Amino acid sequence: MGNKLVIGSSGQIGVELIEQLSKIHGPNNVIASDIKPRLKNKIKGVEYLTLDVLDKPKLLEVIKKYKIKEVYLLAALLSAVAEKNIQFAWDLNMQGLFNVLDLAKEKYINKIFWPSSIAVFGPTSPKLNTPQTTILEPTTVYGISKMAGERWCEYYFLKFGVDVRSLRYPGIISYKSPPGGGTTDYAVEIFHAAVNKGNYKCFIEKDITLPMIYMDDAIRATIELMNIDRKDLTINSSYNLSGMSFAPNEIANELKKHYPNFKMTYEKDFRNDIAVTWPSVIDDSLARKDWNWNHEYDLRKTTIEMLKGIS
Ligand code: SER
């Protein structure tokens, strides 16, 4: 089967994906890598490498040395930081993907997971029950890179038979490792603030509803997608995926059930301008049909897990 390499393993998703992959396949069959020199939450038996996905010769060396057959490419700049670093975001998000796609085209690896995002949608996409196939006119650097990446994934599959699989992740909620500069980060920060300070100043307006998912669901969806027969996939680019949708005032109300004195104030910044261009509720019925995808965590259950995890 070959080993699995996670690129960007110290990020919000990477830390938990490594944990799950090593549980399923054994720590010796999973290699963690990140541009950062040290892996947070190091897992016993999982080899850790410092690796820059833009360094293609080094990437190839690692793939050969560790007999890697499957790559999870998580290294990217998220929506908020990408706006502050346009050229680097484009270079990292696109060239990183090309480097991995090309190694699959050249038959060094068999399978790739690459995350896309709800950021592929823009102000002209339908906001409610946003369909899989619809207008994609993103207005953020991150969204443009993800939309282009999706097109390249499909292109590499159709032209070169590259088995690359992808999900349009919504905002991901988790406590083990913080998110790195996204628009939906408020929905993680708020839990830490509730536990540690009892108040939170939210940078998104109170009634802006966004699609979200709890980390356990996101990881399970990823692993399920990677395990199904390629012939059962009806989408060759990236699947809509969803768990729940809520606005800042709804999460604040849910938190008040646990912390009655919790106080939320609002001071929007540039991330609110990003949030208003994204959908509120995503239609992920194709994932539900193609591999029986079903989320387990709603806002109530997510809140309970987050508070338990943080305290
Ligand atoms: N959570 C991401 C962000 O806010 C969306 O993919 O950038």
Side-chain angles (χ1 to χ4, degrees), residues 11-13 76-86 88-89 92-93 115-123 125 127-128 130 138-146 168-215 218 242-259 261-282 297-299 302-303 305-307 309-311:
Q12 186 193 14
I13 303 170
L77 284 203
L78 289 188
S79 61
V81 283
E83 292 303 308
K84 307 273 185 209
N85 211 338
I86 298 174
F88 179 63
L92 174 65
N93 294 7
S116 184
S117 162
I118 53 163
V120 295
F121 301 111
S125 311
K127 270 217 171 306
L128 287 181
T130 313
T139 51
T140 62
V141 176
Y142 178 69
I144 295 169
S145 76
K146 288 297 180 187
R168 289 172 176 159
Y169 285 138
I172 300 181
I173 303 175
S174 69
Y175 60 86
K176 290 189 185 162
S177 186
T183 299
T184 55
D185 291 13
Y186 91 85
V188 173
E189 290 173 6
I190 190 172
F191 288 104
H192 293 274
V195 173
N196 298 321
K197 297 194 306 192
N199 60 73
Y200 181 63
K201 187 159 82 184
C202 187
F203 55 79
I204 302 289
E205 279 175 316
K206 65 171 188 284
D207 51 359
I208 308 287
T209 300
L210 291 172
M212 303 278 181
I213 194 167
Y214 186 59
M215 181 64 87
S242 186
M244 61 196 124
S245 280
F246 57 75
N249 64 338
E250 290 171 272
I251 189 168
N253 287 340
E254 194 61 38
L255 274 167
K256 277 185 194 144
K257 294 181 189 164
H258 302 266
Y259 295 93
N261 296 325
F262 176 70
K263 279 241 154 7
M264 180 98 135
T265 53
Y266 296 89
E267 194 178 306
K268 65 175 177 180
D269 68 15
F270 75 101
R271 289 169 285 188
N272 194 70
D273 301 335
I274 298 175
V276 295
T277 72
W278 288 352
S280 300
V281 181
I282 292 282
Y297 290 85
D298 57 12
L299 178 57
T302 298
T303 304
E305 287 303 304
M306 286 296 286
L307 295 179
I310 292 168
S311 37

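Keep in mind that this is a model prediction, so the values were computed, not measured.
Annotation for Y266 and I204: closest pair CD2-O, 3.3 Å, computed over non-hydrogen atoms. In terms of heavy-atom proximity, S177 sits nearest to Q12 at O-CG, 3.3 Å. Closest non-hydrogen pair, A89 versus V141, comes out as CB-CG1, 3.9 Å. For A218 against I172, the heavy-atom pair with the smallest separation is CB-CD1, 4.1 Å. Between Y297 and M244, the shortest heavy-atom contact is O-CE, 3.9 Å.
The backbone N or O of S280 sits less than 3.5 Å from a side-chain atom of S245, completing a donor-acceptor pair. In terms of modelled atom types and a separation under 3.5 Å, the side chain of K127 and the main chain of V281 share no donor-acceptor contact. Checked by atom type and distance alone, the side chain of E254 never pairs as donor or acceptor with a backbone atom of T303 at under 3.5 Å. Side chain of T183 to backbone of S79: no donor-acceptor contact under 3.5 angstrom is found. Between the side chain of E250 and the backbone N or O of A247, at least one donor-acceptor pair lies under 3.5 Å. With K146 contributing its side chain and P115 its backbone, the two residues share a donor-acceptor pair below 3.5 Å.
Counting only residues at least two apart or in different chains, salt bridge (charged side-chain N to carboxylate O under 4.0 Å, His left out) contacts with residues 198-215 comprise K201-E267, E205-K268.
To the nearest 0.5 angstrom, L210 atom CG is 11.0 Å from I274 atom CD1. With values rounded to the nearest 0.5 angstrom, S116 atom OG is found 10.5 Å from Y169 atom OH. Rounding to the nearest 0.5 Å gives a distance of 9.0 Å between CG of N249 and NZ of K256. Rounded to the nearest 0.5 angstrom, M264 CE and I251 CD1 are separated by 7.0 Å. Expressed to the nearest 0.5 Å, how far CG of N93 lies from CZ of F88 amounts to 8.5 Å. Within the model, atoms CG of L307 and CG of L255 stand 6.0 Å from one another, a figure rounded to the nearest 0.5 Å.
Side chains of L77 and Y142 form no contact here, defined as non-hydrogen atoms less than 4.5 Å apart. Taking 4.5 Å as the limit, every side-chain heavy atom of W278 sits out of range of all side-chain heavy atoms of I208. Residues N199 and T265 are not in side-chain contact: their nearest non-hydrogen atoms beyond the backbone lie 4.5 Å or more apart. In this structure, M215 and I13 have side chains that are in contact, with non-hydrogen atoms separated by less than 4.5 Å. Side-chain contact between T184 and P170: absent, with no pair of heavy atoms (C-beta onward) separated by less than 4.5 Å.
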Would you tabulate the side-chain donor-acceptor contacts of residues 185-196 under 3.5 Å, counting partners in other chains and residues two or more places apart, or write 'none'?
from, atom 1, to, atom 2, distance (Å)
D185, OD1, G182, N, 3.0
D185, OD2, G181, N, 3.1
D185, OD2, G182, N, 3.0
E189, OE1, Y200, OH, 2.5
N196, ND2, H192, O, 3.1

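Residues forming a ring-ring contact (aromatic ring centres under 6.0 Å, His included) with F262 (at least two apart in sequence, or on another chain): none.
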